[in-house]
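What follows is one structure encoded as structure tokens, with my remarks underneath.
Just so you know, residue 1 is the first one in the sequence shown, and it goes up from there.
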Amino acid sequence: MPELKPWQQTRQQVGKLLRQLPKPPAPKIPAALKAPAKLKTWQLTAGAATVGLAIAAGAVAAAGPWDSSGQRTAERDWAASQEAGGGTDHGGRTSGRAPAAAPSAPSVLRGLGVPAGSAHGGSVPAPDGKALAGVLDPLLKAKALGPERSAVVIDAGTGRRVYGKGGGDALTPASTTKVATAVAALTSAGADHRITTKTVIEPDSKEVILVGGGDPTLTARKEGPYSGSAASLRELAEDTARALKDRGTDKVTLTYDTSLYSGEPQHPIGPNENLTLVSALMADEGRLDDSSSGPAPRSGDPAGDAAKKFAGLLEKEGIDTGTGAKEKKDPGPSKASDRAESLAKVESPPLSALVERMLTHSDNDIAEALARQTALAAKEPVSFDGAGRAIEAQLKESQLPLSGAKFADGSGLDRADRSSAELLAALLARAADPAHPELRSVVTGLPVAGFTGTLVDRYPKDSPGTGVVRAKTGTLTGVNTLAGTVVDAEGRLLVFAFMTTGTTDPKAAQSALDEMASAVAKCGCR
């Protein structure tokens, strides 16, 4: 058994003490918060957050240590008891009756310890700009941050900027581009939108076509972190086989259709373990190992490989596809006609869940897929160029500050991308605004400092930002960015974006950015 880290030992010890404490009385939930008979995904997410606000006063009073999902133990248990599932992709494990999905911690949307019903800090005033500048200015001058640096802090309650240095400068955002991609996709396609993968059969023939809809999370695996929630290629094979047998057919010719996407499938960075070829059809992101996030060896033909896996699954269901070992023939590309008849389909989780997974793990394949869903909604070519135009147009329609912005891709891997700290902060402020519940997954999907995703190893346990800072990271050679939310010492929710270009020591630059976010968490600044 691996040796426990010091913070893990401490958490176990405190956890034992916590379990001996009496639980606080169950809070009364206002009748207005009871769910109607039918709710859309964004309404469920927003409702979970609202319940989180209502339970905060009682839960925080008895809150124990930060648990493995970055939320206080009491918040988790009480949210679970109310079945208030929120952010679904933080990867934590809950105990007892708690659901696997991590409940939305109230600290995501508001300050801890604020009376129920108060938003983003309630009567606590916003930080004083001069006081905040006194804290951040010296940190922004750190040599580790390189020659170009900018910073913006916005008060989430009022939307007013309380700190800014070079906030309008357009710099390379790296993976914080994904925040823009998320907002554009959720606004244009909708938080409840699901991506369909289907099979069709051409009339008067036995040609079965596997049609890709652009779902990068489609899985062929029996087990894994997302095998129970993602659309399943196995389920599609079972349903397709059943439909064929109902037609009296057990021998077909299998082909596949990727025509939904246009343009070059290869990202400008070239072959890279951080991203597979961008295709409308792939299984498990074209990964050649059993990983579900992070760099991995990738398929050079994700669509063809997915079709081969599907053929094997059909064969197991008793359907002869003509692609077995004897025939030595793989499924080939095709295009379904308008006359093709539907056999079966599977659907991805809603875009809100895909956004959370993308942001938590900085998933480039999901980012490029969401960019193309934005292009589809805007009726633009479904390519790198078309997706970039669609993202820009959607954000412009939302009246966000786009001066100097450029979207060369959806993931931020392209160095041609440009964004300002002002834009990144504005995107996050919009997502944290209660008036935009459809964007809530942009906030709940942010990695939790010291606990989840790309921030799991970046904040020490004794840092004032640990568990309180939630932010999207961005890292390329010479580029380091951090943008997210933080609850300050007075319980006020703030949104920040810190950008720097020309760094030479990535770890030192990351530490400097983390120190800035932690300084905001520690600062009363009033």
Side-chain angles (χ1 to χ4, degrees), residues 39-49 68-71 76 79-80 83-95 97-104 178 182 185-186 189-198 212-239 276 281-287 289-294 296 306 309-310 313 344-370 373 438 440-448 452-453:
L39 289 177
K40 294 185 177 180
T41 301
W42 69 262
Q43 291 171 315
L44 290 170
T45 305
S68 61
S69 66
Q71 301 170 32
R76 180 200 66 194
E83 299 182 346
T88 61
D89 200 64
H90 289 302
R93 289 289 182 265
T94 53
S95 59
R97 64 191 175 189
S104 293
K178 294 180 175 71
L186 291 169
D192 291 294
H193 177 67
R194 297 173 186 262
I195 305 172
T196 300
T197 306
K198 63 183 180 180
D215 180 7
T217 63
L218 179 70
T219 183
R221 297 171 179 170
K222 280 186 177 180
E223 299 177 346
Y226 302 101
S227 59
S229 59
S232 171
L233 200 62
R234 294 173 179 274
E235 180 183 333
L236 183 61
E238 292 171 1
D239 292 346
T276 194
L281 176 64
M282 64 176 70
D284 300 299
E285 300 183 331
R287 295 173 180 271
D289 59 16
D290 61 356
S291 66
S292 59
S293 63
K309 290 178 181 178
F310 187 68
L313 293 169
K345 69 177 183 178
V346 289
E347 294 182 325
S348 74
L351 288 198
S352 57
L354 299 189
V355 162
E356 286 191 326
R357 180 173 169 181
M358 172 187 71
L359 293 175
T360 299
H361 302 294
S362 200
D363 192 301
N364 300 302
D365 298 283
I366 296 178
E368 296 302 344
L370 292 181
Q373 292 299 313
E438 75 281 2
R440 194 66 72 244
S441 56
V442 176
V443 180
T444 58
L446 294 173
V448 182
T452 63

So how far is it from [X] [atom1] to [Y] [atom2], rounded to the nearest 0.5 Å?
X	Y	atom1	atom2	value
Tyr226	Thr217	OH	OG1	10.0 Å
Gln373	Ser348	CD	OG	7.5 Å
Glu347	Lys198	CD	NZ	11.5 Å
Arg440	Leu186	CZ	CG	11.0 Å
Thr360	Leu446	OG1	CG	7.5 Å
Glu235	Leu218	CD	CG	10.5 Å

Least distance between heavy atoms, [X] atom then [Y] atom:
X	Y	value
Ser292	Pro225	OG-CG, 3.5 Å
Ala283	Ala306	N-CB, 3.9 Å
Pro349	Ser229	CG-O, 3.4 Å
Thr276	Gly286	OG1-CA, 4.3 Å
Ala220	Asp284	N-OD2, 3.1 Å
Ala185	Leu351	O-CD1, 4.0 Å

Handout entry: Within-4.5 Å side-chain heavy-atom neighbours: Ile195 and Leu354
Key = yes
Exercise for the section: Report yes if the side chains of Met282 and Pro216 come closer than 4.5 Å at any heavy-atom pair, otherwise no. Expected result: yes
Practice task
Tell me, please, which residues at least two apart from Glu285 pass side-chain hydrogen bond (donor to acceptor under 3.5 Å, both in side chains).
Solution key: Arg287
Problem - side chain to side chain contact (heavy atoms under 4.5 Å, CB included) between Asn364 and Lys178, worked out - result: CA-CA 8 Å; Asn364 300 302; Lys178 294 180 175 71; 2.8 Å; yes
Practice task
Verify, without hydrogens or angle tests, whether Asp363 (side chain) and Ser293 (backbone) share a donor-acceptor contact under 3.5 angstrom.
Solution key: no
